[in-house]
Amino acid sequence: MNAPTFSTNDIRRDFLEFFRERGHTIVPSAPLVPANDPTLLFTNSGMVQFKNVFLGSEKPGFVRAADVQRCLRAGGKHNDLDQVGYTARHHTFFEMLGNWSFGDYFKHDAIRWAWQLLTEVWQLPAERLLVTVYDTDDEAYGIWRDEIGVPAERIVRIGDNKGAPYASDNFWQMADTGPCGPCTEIFYDHGEQHFGGPPGSADEDGDRYIEIWNLVFMQFDRQPDGSLAPLPAPCVDTGMGLERLAAILQGKHGNYEIDIFQHLIAAAARLTGTGDIDNKSLRVIADHIRACSFLIADGVLPSNEGRGYVLRRIIRRALRHGWMLGQKQPFFHRMLDPLIDVMGEPYPELVEKRELIARALLAEEERFAETLDSGMRIFDEVAARSDGTIPGADAFRLYDTYGFPVDLTADIARERGLSIEMAGFDAAMAHQRETARAAGKFGNATTMPAELAAQLAPTGFLGYDRLDEGGLTVAALLRDGRPVDRIEAGDEAVVILDRTPFYAESGGQVGDAGALEGEDCRFAVRDTLKFAGQFHGHLGTLESGVLQRGDRVSGSVDRARRGATVLNHSATHLLHAALRSVLGTHVVQKGSLVAPERLRFDFSHFQPLTRAELAEIERRVNAEIRGNHEAEVHQMEMQEALDFGAMALFGEKYGDRVRVLRMGATSTELCGGTHVARTGDIGVFKIVSEGGVSAGVRRIEALTGQGALDFISGEEQRLEEAAHLLGGSVPDVPDKVRHLLERQKKLERELDALKAKAASGATADLAGSAIEVAGIKVLAARLEGFDARALRDALDRLKQQLGDAVIVLAGANDGKVALVAGVSGAATGKAKAGELIGHVARQINGKGGGRADMAQGGGDDSPNLVDVLAGVADWVGQRLG
């Protein structure tokens with residue numbers, strides 16, 4: 001090919017400029033995490049961000065668009081992870097060039113511009129290009145043959161087995177019904193030196209003909225009966241893989257030979273110390289740093305579920321390939337700078353999020369390094385006894401104990417010619433989930449017979465507006481999990497009403513307490529739980545009278561308890577918004593508890609929060625409280641709520657209509673809980689603790705209202721008490737404490753000096769009590785009040801004084817004995833300190849070990865210690881022969 005070569009950055013720039021000149025709006029790449037679509041794992045094609053436009057629910061404000069969309073295929077239906085690094089063109093992360101028409105231009109312009117860009121701007125030889133059309137799309141066929149001038153023998157009809165004998169489908173549709181239409185594809189012929197036939201042939205899967213560009217013409221609306229109705233405004237959706245195109249324009253055959261990957265592969269070779277630049281593990285590392293860095297930049301962090309689990313799988317696959325290359329130290333995070341070198345200009349978010357990405361990758365490297373070696377040893381043991389298949393139970397053990405994602409285990413197995421018994425793995429995983437689910441369920445007190453649930457209407461909840469309500473009907477009574485018609489004074493029971501002002505525990509908010517009262521009875525409600533997802537069960541004790549099914553009662557919620565709970569729940573929403581603002585949009589709620597006395601919020605983050613970050617988060621929440629914003633509650637359709645800005649969590653199930661809470665400009669979330677009328681009602685917010693819950697999950701506990709004020713008052717009292725003990729006022733406390741610490745350090749240094757002097761004197765006396773065994777000085781002695789450090793110092797001095805020696809020292813303190821042993825001079829190699837310390841320690845209920853020249857241990861200060869030490873000379877004599 002005589003055409004000029006283009007860098008990958010040139011290609012991006014040329015593509016966008018070409019379509020900008022033809023009236024297209026240049027749209028930035030959408031994130032890898034699809035906006036407002038919790039059902040889709042990742043953005044896996046260019047059309048994802050325009051999905052609602054094609055469905056007609058969104059008007060974009062333009063009819064022509066062009067973009068370079070970053071995509072990921074490493075989970076769910078589209079998963080290329082296993083092939084990455086082993087083939088020429090599979091990637092986890094890739095870029096898709098696309099131009100779009102929304103009811104504007106159609107086939108003629110789309111085809112003409114595609115050909116113009118390829119053959120005139122990028123100067124690809126026309127004779128190397130081959131096109132396909134859908135079997136019945138005579139219009140596209142005619143454009144290619146008659147207007148563009150492509151010879152008929154290089155136009156292949158692809159359809160429902162009507163064209164070439166091995167034809168495949170060439171018709172695109174979004175779903176079983178809705179927008180759809182024929183495709184036309186452009187292929188590049190790498191030449192007859194490569195195996196493979198044209199599309200539609202028996203050898204179409206070879207490497208000779210490579211698809212460059214797919215042009216989709218959405219001109220029909222598929223009806224439920226399968227028929228095709230013409231769309232009133234046909235659209236164009238095109239996609240062209242940047243990496244494939246770059247390989248062709250740079251005169252290469254494989255994607256990993258292009259400029260971006262060559263830079264990354266060279267960096268991976270340098271960081272792993274690998275001399276073989278063609279090693280496939282370098283390809284894996286080069287591919288995976290792109291996927292991982294962009295995922296983290298788009299708010300995903302490693303975890304054990306959802307998108308975070310996919311990210312963890314990719315990181316650990318890269319680390320395992322580094323381990324295969326001999327790199328046992330963290331290196332993967334250092335691939336970020338080489339990536340920014342080649343992709344930081346078109347994607348400035350990589351530069352902006354540099355520190356976040358590097359810290360997240362390093363944290364995951366350090367976490368996985370702890371288990372990789374031990375996990376690989378287990379794999380080697382399993383593989384050694386395998387008959388060609390890794391048992392599913394062993395694959396699950398590697399996943400559950402050592403953090404090996406099953407596809408990583410499969411990857412390692414495949415390299416050794418082994419497979420995994422996936423049925424056994426899936427069964428073990430299902431058993432674990434069932435066990436966890438069973439452990440998380442309430443006991444019999446909160447179960448409900450299915451036949452009873454079928455007879456009842458869902459409980460109507462009145463508690464958003466009222467805390468007291470009369471005329472409530474007892475719909476059912478449960479005692480010991482069984483339906484009963486009546487309960488008597490003293491009975492523990494569950495009361496289910498037709499309507500209730502009591503909030504049932506849900507979404508982290510605890511259930512209400514209070515009382516139900518009839519004409520001659522009173523039922524104390526200590527908690528309210530949800531049964532079968534739709535019935536409010538009031539748990540408590542009948543304090544007086546008799547209560548029967550069908551009775552009418554009035555309900556009163558404990559106002560103080562509900563009021564305190566409400567403050568904490570609303571503050572939790574403000575906390576979530578502040579965390580995302582200060583730490584980044586990767587922060588996602590992982591659990592919460594909203595109780596009257598406190599709030600607890602679990603969230604995704606990879607490291608402890610600094611004091612400055614906690615202070616800023618607390619400041620922002622209190623600023624929102626002082627803003628006294630109205631707590632707006634809206635009932636709306638799910639899509640309307642997403643458009644309104646409400647957060648939807650991936651994997652959560654939502655109904656068609658949802659309840660949205662918005663407080664000020666920072667917090668908009670889906671929530672069915674109870675809340676304040678205005679943020680000012682919260683009063684004050686105080687963080688009392690922050691810590692880790694599990695890998696990648698942190699927890700904050702905080703107080704609001706009177707609880708926060710009481711906590712602050714208690715802190716002030718403790719500070720005043722400290723000031724009194726230090727002999728000053730509260731402002732003096734830091735200086736007083738600083739002075740005390742300096743004085744303590746001075747005294748500790750003086751004490752260490754005195755101890756060293758005393759030890760020196762003691763060891764001088766001890767040296768004279770050493771006995772000689774076969775020309776070696778042997779010393780075994782007990783020293784009162786010596787800790788392990790003092791014993792080591794004494795041992796070093798005695799070695800210098802005695803020369804050829806075997807020494808054991810025991811320091812007794814508070815009923816325990818610290819032991820040290822040393823071997824020096826001519827004794828080295830004849831008697832081993834580690835064996836000697838073990839011999840002594842075992843006799844006083846202890847243990848110890850170490851090197852041949854120095855060892856440590858410990859045990860009980862037992863009465864036989866004197867005899868044990870006296871026996872050291874005999875032990876040495878035996879070793880010396």
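These numbers come from the heavy atoms of this one structure, side chains and all, not from hydrogens, waters or symmetry mates.
- Distance alone, capped at 3.5 Å, places no donor-acceptor pair between the N255 side chain and the A247 backbone.
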message: Applying side chain to side chain donor-acceptor pair (under 3.5 Å) to E365 and H333, what does each step give before you reach the verdict?
response: CA-CA 8 Å; E365 285 192 85; H333 66 288; 2.8 Å; yes

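- Salt-bridge formation is not detected for the pair E345/R12: no Lys NZ or Arg NE/NH1/NH2 atom is positioned less than 4.0 Å from an Asp or Glu carboxylate oxygen.
- Residues D189 and R154 are not paired through a salt bridge, judged by the lack of any N-O separation under 4.0 Å between the basic side chain and the carboxylate.
- For F217 and Y134, the ring centers sit 6.0 Å or farther from each other.
- Geometrically, R73 does not engage F94 in a cation-pi contact defined by less than 6.0 Å to the ring centre and at most 45° from the axis.
- The salt bridge (charged side-chain N to carboxylate O under 4.0 Å, His left out) check on R316 picks up E364, with sequence neighbours excluded.
- With respect to D298 and K353, no salt bridge is recorded, no charged nitrogen being found less than 4.0 Å from a carboxylate O.
- The number of heavy-atom neighbours closer than 6.0 Å to CD of E127, taken from other residues, nucleotides and ligands shown, is above 12.
- R416 and D380 are joined by a salt bridge, as a carboxylate oxygen and a charged side-chain nitrogen come within less than 4.0 angstrom of each other.
- R157 has a carboxylate O that lies under 4.0 Å from a charged side-chain N of D138, or vice versa, which qualifies the two as a salt bridge.
- By the neighbour-count criterion of 12 heavy atoms within 6.0 Å, atom CZ of R334 is sparsely surrounded, having that number or fewer from other residues, nucleotides or ligands.
- For E243 (side chain) and E95 (main-chain N/O), a donor-acceptor pair under 3.5 Å exists by modelled atom type.
- Counting only distance, with no hydrogens or angles, the side chain of Q69 and the backbone of G98 share no donor-acceptor pair below 3.5 Å.
- Ring to ring, Y105 and H24 are close: their centroids are under 6.0 angstrom apart.
- For CD of E153, the number of neighbouring non-hydrogen atoms (other residues, nucleotides, ligands) closer than 6.0 Å is greater than 12.
- Side chain of R22 to main chain of F18: a donor-acceptor pair is present (N/O by atom type, distance under 3.5 Å, no hydrogens or angles).
- Ring to ring, Y188 and H253 are not that close: their centroids are 6.0 angstrom or more apart.
- Partners of D341 according to the salt bridge (charged side-chain N to carboxylate O under 4.0 Å, His left out) rule, which considers only residues two or more places apart in sequence or in another chain, do not exist here.
- In this structure, R222 is not positioned above the aromatic face of F220 in the sense of NZ or CZ being under 6.0 Å from the six-membered ring centre and within 45° of the axis.
- You'll find the ring centres of F187 and Y209 outside the 6.0 Å limit.
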